[in-house]
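Just so it is clear: chains get the letters A, B, ... in the order the sequence lines come, proteins before strands, and each one is counted from 1.
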Amino acid sequence: MNINVPRGTEDLLPEQTKRWQVIENTFKRLAEVYHYQEIRTPIFERTELFQRGVGDSTDIVQKEMYTFEDRGGRNLTLRPEGTASVARAYVQHKLHGKVDQPSKLYYIGPMFRYERPQQGRTRQFTQFGIEAIGSADPAIDAEVIAFAMDSYQALGLKSLKLVLNSLGDKESREAHRQALVNHFTPYKNELCGDCQNRLEQNPLRLLDCKVDRDHPSMKNAPSILEYLNDYSSNYFEEVKKHLDAMEIKYTVDETLVRGLDYYTHTAFEIMSESEGFGAITTLSGGGRYNGLIQDLGGPEMSGIGFALSIERLLMALDAEKVELEQPKELDCFVITLGDEAKYASSKLVNTLRKNNLKIDQDYLGKKMKAQFKAADRYNAKFVVILGEEEVQSGVVNVKNIETGEEQSVEFDDVARLIKERV
RNA sequence: GCGGCCGUGGCGAAGUGGUUAACGCACUGGAUUGUGGCUCCAGCACGCGUGGGUUCGAUUCCCACCGGUCGCCCCA
């Protein structure tokens, strides 16, 4: 019987969750700083939502969705990304009618994609993301990008690369699409199978094909930037000016197209430039989606967002050898000697905890030496030794593990003493 | 969906077609009845992913399966 975790999923044991908590708290703090509020949507949705929202031509919808039928015959899918769900909630609850606009939302939680696992890619992974819906001001594009960069910088990461592009509005995209079809059709038979399909379904994605990257036709392929109409190209310029104003460095890459169909105008990715980071260097991505809300039955509302993977963030932290600062595990470990002392110990431990101190004691009947070792391992600041003598006298020694200093106090004063020193 | 590599105690890891499967860490006990982190001694795999095959004999060779891992495509 194999009861291990399913392929592509993992348990996070305390050693790891400690780091996760630091990261999550950082994000929540940033969300307050940038004034984004949390939204929680279901982990599964109707399959149509992702087909419409993410796009039928995307890899996600074509081959990566965890789709199932429930007992009522409903066709459901574990969410592969967060934006479609947030947009759906925005439409469903008519957030566009609320006073606070734009709606600035953040989410954090598991996403699911059925893929072959490898480093930096699991079937269940965790995204933190934000969405700002209801504004078409280039300044908010820049805000989202700044937030994305801050998410890494606030944790101490440095080797980051911001890549930027514009995909233009509908009109620009259509013009570019036509140009791409005209350009690539003569070479159709020389391109890879995927690209032959892309030529019909989504020619834009030909540009980031890794197989045909070196095909001669790629070199002089029409760039989206040449097809931006006035509004689009002006919008892109404005976004860049805001980034310049914030002194955020970026590289424009006209081949950056992103894998999801809903993107318009601003598209960006943040990559790690650390040595030995592995094959996957994309840490996060995002962009503007001006047609999405309408596609999902809402009013004409534009939005922009980004999402990052916490798993990849952790890889980046490891690659850059960033140590997250973590709180001390225990303020005091109570060493108990002999059966008689155990009641006094329970009482003392309880009292200390009521004083909001982090306390633990031995439950394995270990010898003193082993109890000291446990205290070391838990990184406790103090130990209290409690044996028959102490029970008799009502006085215990409180020992500072680092300095070795000891101080004798009555039971009732232990909490106060430790609180003063922690 | 396709390809490479790997599968030995709680963890890391060596090794061999044949009689006791190194070593390190961790853990437990002792040297040392109540003050640890150092040192020394001792203990700790009836077993080398599962099943089948070759063989007098397999953890070691072969096959299949399972699991892990890395990479391709694509992405977070």
How long is the line joining [atom1] of [X] and [atom2] of [N], in whole Å?
X: A:Glu115; N: B:C72; atom1: CD; atom2: P; answer: 13 Å
X: A:Asp59; N: B:A76; atom1: CG; atom2: P; answer: 11 Å
X: A:Gln196; N: B:C73; atom1: CD; atom2: P; answer: 18 Å
X: A:Gln119; N: B:G68; atom1: CD; atom2: P; answer: 16 Å
X: A:Met271; N: B:A76; atom1: CE; atom2: C1'; answer: 13 Å
X: A:Phe268; N: B:C75; atom1: CZ; atom2: P; answer: 15 Å
X: A:Ile23; N: B:A76; atom1: CD1; atom2: C1'; answer: 14 Å
X: A:Leu313; N: B:C75; atom1: CG; atom2: C1'; answer: 17 Å

Between [N] and [M], how far is it from one [atom1] atom to the other, in whole Å?
N: B:C62; M: B:G68; atom1: C1'; result: 22 Å
N: B:C2; M: B:A45; atom1: P; result: 42 Å
N: B:C46; M: B:U32; atom1: P; result: 34 Å
N: B:G3; M: B:C75; atom1: P; result: 23 Å
N: B:C48; M: B:C61; atom1: P; result: 14 Å
N: B:C5; M: B:A22; atom1: P; result: 30 Å
N: B:U8; M: B:G24; atom1: C1'; result: 15 Å
N: B:C63; M: B:C25; atom1: C1'; result: 37 Å

Measure from the side-chain heavy atoms of [X] and tell me the nearest of [options].
X: A:Phe125; options: B:A76, B:U35, B:U28; value: B:A76
X: A:Lys63; options: B:C73, B:U69, B:G34; value: B:C73
X: A:Arg312; options: B:A76, B:C74, B:U35; value: B:A76

By the 4.0 Å heavy-atom rule, please label [X] as base, sugar-phosphate, or nothing.
X: A:Ile60; answer: nothing
X: A:Glu81; answer: nothing
X: A:Ile385; answer: base
X: A:Gly120; answer: base
X: A:Gln371; answer: nothing
X: A:Thr122; answer: base
X: A:Glu389; answer: base

Are OP1 or OP2 of [N] and a side-chain N or O of [X] less than 4.0 angstrom apart?
X: A:Gln118; N: B:G71; value: yes
X: A:Arg121; N: B:C72; value: no
X: A:Arg205; N: B:C75; value: yes
X: A:Arg113; N: B:C73; value: no
X: A:Lys367; N: B:U28; value: no
X: A:Arg116; N: B:G1; value: no

Along RNA chain B (nearest heavy atom to each residue), the more 5'-positioned of A:Lys369 and A:Gly387: A:Lys369
Whichever of A:Ala307 and A:Tyr114 has its nearest RNA chain B nucleotide further upstream toward 5': A:Tyr114
Strand partner of [N], provided both Watson-Crick or wobble distances fall under 3.5 Å:
N: B:U35; result: none
N: B:C27; result: B:G43
N: B:G71; result: B:C2
N: B:G51; result: B:C63
N: B:U20; result: none
N: B:A76; result: none

Syn-anti status, with the boundary at 90° from 0, for the nucleotide B:G47: syn
A:Phe372-B:G37 aromatic stacking (under 5.5 Å, under 30°): no
Ring centroid separation A:Tyr36 to A:Tyr106 under 6.0 Å: no
Pair of N/O donor and acceptor under 3.5 Å linking B:G34 base with A:Glu390 side chain: yes
Heavy-atom pair of closest approach, residues [X] and [Y]:
X: A:Asn75; Y: A:Glu48; value: O-OE1, 4.1 Å
X: A:Ser57; Y: A:Asn202; value: OG-ND2, 3.6 Å
X: A:Val395; Y: A:Glu390; value: O-CG, 3.1 Å

Student check: side-chain heavy atoms of A:Ile140 and A:Arg288 closer than 4.5 Å: yes
Flag side-chain contact, heavy atom, 4.5 Å: A:Val322 against A:Glu320: yes
Ion pair A:Arg416/A:Glu420, N-O distance below 4.0 Å: yes
CG-NZ distance between A:Asp244 and A:Lys249, expressed to the nearest 0.5 angstrom: 9.5 Å
Within 6.0 Å of CD in A:Glu340, more than 12 heavy atoms from elsewhere: no
